[in-house]
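First the proteins, then the strands, lettered A, B, ... as listed; each starts at 1.
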Amino acid sequence: MTDSTAQGPHPSPVRVRFAPSPTGALHLGGARTALFNYLFAQHHGGKFILRVEDTDRERSTEESVSGIFDGMNWLGLEWDEGPFYQSHRMERYLEAADRLLAEGKAYRCDCSPDDLETRRKAALAAGLPPRYDGRCRDRNLPADTPHVIRFKNTRTGDVVVRDLIRGDVVFDAAVLDDLVLIRSDRTPTYNFAVVIDDADMAISHVIRGDDHINNTPRQILLFAALGSPLPQFAHIPMIHGTDRTKLSKRHGATSVTAYREMGYLPDAMVNYIVRLGWSHKDQEIFSRRELIDLFDLDHVGSSPSIFNPEKLLWLNAHYMKNTPGIDLLPPVIPFLPALVDPLFSGAPDSGPYADYLVRAIDEWKGRTRTLVELGESLPPFLDRHFPYHPDLSKKGLNQESLPILKELLTRIGSLTTWDHDTLSQLLRSLTEEKGLKLGQVASPLRGALTGQTVSPGIHEVLLLLGQQESLARIRRAIRSLEEGGNP
RNA sequence: GGUCCCAUCGUCUAGUGGCCCAGGACGCUGGCCUCUCACGCCGGAAGCACGGGUUCGAAACCCGUUGGGACCA
């Protein structure tokens with residue numbers, strides 16, 4: 001295996017993590033972060049760890065947790081370890097904070113929010129940065145008074161984030177605050193819990209959204225204070241909506257499972273989001289195997305990208321067309337409408353019904369872009385009672401076509417073989433004898449067979465429906481024309 | 001407001017100093033194929049934000065400007 005990261009061979013086994021806060025569904029940005037972590041782990045033969053950052057009990061919900069798992073499963077992003085929950089590790093954070101306290105690397109602080117606010121404003125007014133002034137640093141407050149635990153930050157020098165995607169990002173330590181590690185209610189803050197977890201889980205590479213890059217210098221200092229080895233960092237750019245702001249609910253469907261409901265295939269989704277920020281030369285289509293073989297951090301771009309639903313649609317159409325009908329059957333079943341007079345009885349997932357459906361899917365899948373469209377196209381082939389499209393008389397299914405339909409009824413009825421060549425020859429000789437173009441026969445026939453103005457090729461439609469059903473449908477159209485003028 | 005990041009067609013991107021008066025893809029568009037609709041194929045319009053450097057040479061390196069974004073407050 002070749003190593004492709006900027007900093008040479010990994011000194012330790014590759015262990016990456018996806019660490020969502022369960023405060024909503026798995027959205028496109030989160031899914032891409034998870035995907036990049038998954039692919040990186042797979043590529044390097046490492047481990048992909050799932051960690052639920054649910055320390056915010058107010059905003060975290062069970063629904064979000066299961067929604068995130070659901071989304072990851074749908075996309076096929078299997079994790080090797082976890083899920084771990086931060087809410088189950090509260091004792092661990094307290095213990096780590098106590099150790100820092102004992103080592104003089106942290107201190108208790110009882111400044112009230114009001115005090116803090118007053119001093120912050122005063123600092124601002126005096127033209128100073130509005131950070132914590134360190135009042136409690138050396139007070140050695142007793143443990144039995146209400147307090148927060150703050151990190152005793154270094155105040156001089158630079159903190160350099162050696163980012164695999166952005167290069168070195170330099171922060172002035174003086175602008176970093178004495179950040180709170182443990183709140184007065186004994187819960188850990190985000191930055192503290194993350195560092196403890198990443199250290200405990202021996203994470204080798206932190207691959208996450210670049211909305212976290214400003215947190216990184218603080219985290220680096222915490223790793224150092226803890227005496228834990230520093231992981232490598234890779235901050236990937238955000239995905240934006242069309243208005244170029246961070247993707248959120250305002251931009252419409254942003255959860256990945258919403259796309260499942262809209263009839264998208266998980267492989268198309270994966271292929272789309274992997275190309276948002278990552279590329280391999282000019283290649284657009286990647287199999288899962290290729291992704292694992294080719295993925296690297298070197299070719300992750302550094303500018304944010306905008307979600308483009310049109311391209312996702314195109315990719316989905318591509319995957320629909322290139323997926324065997326048999327594999328499209330299970331996912332399309334939920335999109336089939338209820339039928340009035342079905343050709344088959346029973347469930348559509350097995351037996352002759354399933355066999356027929358697979359053939360119908362194979363005829364249609366190249367003309368539909370989503371499972372929703374596919375599901376909508378199938379009913380005329382599954383149901384004897386379909387309506388006639390209002391444009392059909394214009395398209396040729398009208399009084400003038402009556403003789404042709406009757407001729408078709410006779411000739412098709414007398415066939416003893418039923419294959420593409422026979423049907424093709426039948427239609428060819430009929431058009432030649434009558435001096436017609438194929439369209440003048442195919443169009444009314446299509447209307448009679450399907451009630452639709454568009455369909456797969458006329459021979460394929462006949463083959464699919466079978467001789468008896470085709471004849472029944474032609475008879476129905478003739479009757480309807482004779483009785484009602486137009487169908 | 002502070003800190004940090006970003007900047008190639010409308011969008012996703014290739015590009016790691018000469019192969020680029022910039023390549024691919026989506027979308028748009030002209031045509032071909034054709035029984036309908038798609039698919040497919042061939043063609044077209046469309047971009048290096050701006051200004052300075054560095055260099056024999058800059059989309060690429062540096063500085064600045066402008067614009068955008070994220071985080072914190």
Exercise for the section: Could you let me know what B/A70 is paired to, Watson-Crick or G-U wobble, both distances under 3.5 Å, or none if it's on its own? Expected result: B/U3
Handout entry: C1' atoms of B/G27 and B/C35, separation to the nearest Å
Key = 29 Å
Problem - RNA chain B: 5'-proximal contact among A/D243 and A/G439 (nearest heavy atom) - result: A/G439
Exercise for the section: Calculate the interatomic distance between A/L315 atom CG and B/C26 atom P; express it in whole Å. Expected result: 9 Å
Problem - P atoms of B/G31 and B/G47, separation to the nearest Å - result: 23 Å
Practice task
Assess the side chains of A/T216 and A/R208: does a donor N or O sit below 3.5 Å from an acceptor N or O?
Solution key: yes
Exercise for the section: With side-chain contact (heavy atoms from CB on, under 4.5 Å) as the test, would you mind laying out the steps for A/F295 and A/Y38 before giving the verdict? Expected result: CA-CA 10 Å; A/F295 186 79; A/Y38 166 84; over 6 Å; no
Problem - Rounded distance in Å between the P positions of B/C4 and B/C41 - result: 49 Å
Problem - Side-chain N,O (A/S303) to OP1/OP2 (B/C5) below 4.0 Å - result: no
Exercise for the section: With RNA chain B as reference, determine whether A/V169 or A/S443 sits nearer its 5' end, using the nearest nucleotide of each. Expected result: A/V169
Exercise for the section: Would you mind pulling out the nucleotide paired to B/U36, Watson-Crick or G-U wobble, both distances under 3.5 Å? Expected result: none
Exercise for the section: Verify whether one side chain among A/D419 and A/T422 offers a donor that lies under 3.5 Å from an acceptor in the other. Expected result: yes
Practice task
Measure up the A/F386 and A/Y388 rings against each other and bin them: parallel (under 30°), tilted (30 to 60°), perpendicular (over 60°).
Solution key: perpendicular
Handout entry: Pairs flagged by ring pair (Phe, Tyr, Trp, His ring centres under 6.0 Å) wherever residues 438-469 of chain A is involved - sequence neighbours left out
Key = A/H420-A/H459
Practice task
Might you work through the ring-ring contact (aromatic ring centres under 6.0 Å, His included) test for A/F40 and A/H205, ending with a clear yes or no?
Solution key: CA-CA 9 Å; A/F40 188 78; A/H205 295 75; 4.8 Å; yes
Exercise for the section: Would you sort out whether A/N153 and A/Y132 count as a side chain to side chain donor-acceptor pair (under 3.5 Å), showing the intermediate values? Expected result: CA-CA 11 Å; A/N153 223 332; A/Y132 181 67; over 6 Å; no
Problem - Donor-acceptor pair present, A/R367 side chain and B/C39 base, under 3.5 Å - result: no
Completion exercise
Checking N1-N3 plus N6-O4 or O6-N4 for Watson-Crick, or N1-O2 and O6-N3 for wobble, each under 3.5 Å, the partner of B/U55 is none
Problem - Whole-angstrom distance between B/C28 and B/G10, as gauged at atom C1' - result: 10 Å
Completion exercise
When rounded to whole Å, the CG to P distance for the pair A/L462 and B/C35 reads 15 Å
Problem - Whole-Å P distance, B/A7 and B/C62 - result: 11 Å
Handout entry: Presence of A/R218 side-chain N/O under 4.0 Å of B/C72 phosphate oxygens OP1/OP2
Key = no
Exercise for the section: Residues of residues 274-287 of chain A with any non-hydrogen atom less than 4.0 angstrom from an atom of RNA chain B: list those, numerically ordered, please. Expected result: A/R275, A/L276, A/G277, A/S279, A/K281, A/D282, A/E284
Exercise for the section: Rounded to the nearest angstrom, tell me the gap between atom CZ in A/F171 and atom P in B/C72. Expected result: 13 Å
Exercise for the section: Please measure how far the C1' atom in B/C48 lies from the corresponding atom in B/A58, and state the result in whole Å. Expected result: 11 Å
Exercise for the section: Sticking with atom P, work out how far B/G2 lies from B/U11, rounded to a whole angstrom. Expected result: 29 Å
Exercise for the section: Please check the phosphate of B/G40 (OP1 and OP2 only) for any side-chain N or O of A/K321 closer than 4.0 Å. Expected result: yes
Problem - Nearest-neighbour nucleotide for the A/H299 side chain, B/C12, B/U16, B/C71 considered - result: B/U16
Exercise for the section: Check the pair A/H27 / A/F307 against ring-ring contact (aromatic ring centres under 6.0 Å, His included), numbers first and verdict last. Expected result: CA-CA 12 Å; A/H27 57 89; A/F307 172 62; over 10 Å; no
Completion exercise
Among the nucleotides B/G27, B/C71, B/C35, whichever has the atom closest to the side chain of A/R446 is B/C35
Handout entry: Closest to side chain of A/R166, choosing from B/C5, B/G24, B/C4
Key = B/C5
Fill in the blank from the handout: A/W314 atom CH2 is separated from B/G10 atom P, nearest whole Å, by 20 Å
Handout entry: Verdict with supporting geometry, A/Y319 and A/W314, ring-ring contact (aromatic ring centres under 6.0 Å, His included)
Key = CA-CA 9 Å; A/Y319 275 90; A/W314 171 77; 9.2 Å; no
Problem - Same-atom distance (C1') from B/A59 to B/U54, integer angstrom - result: 16 Å
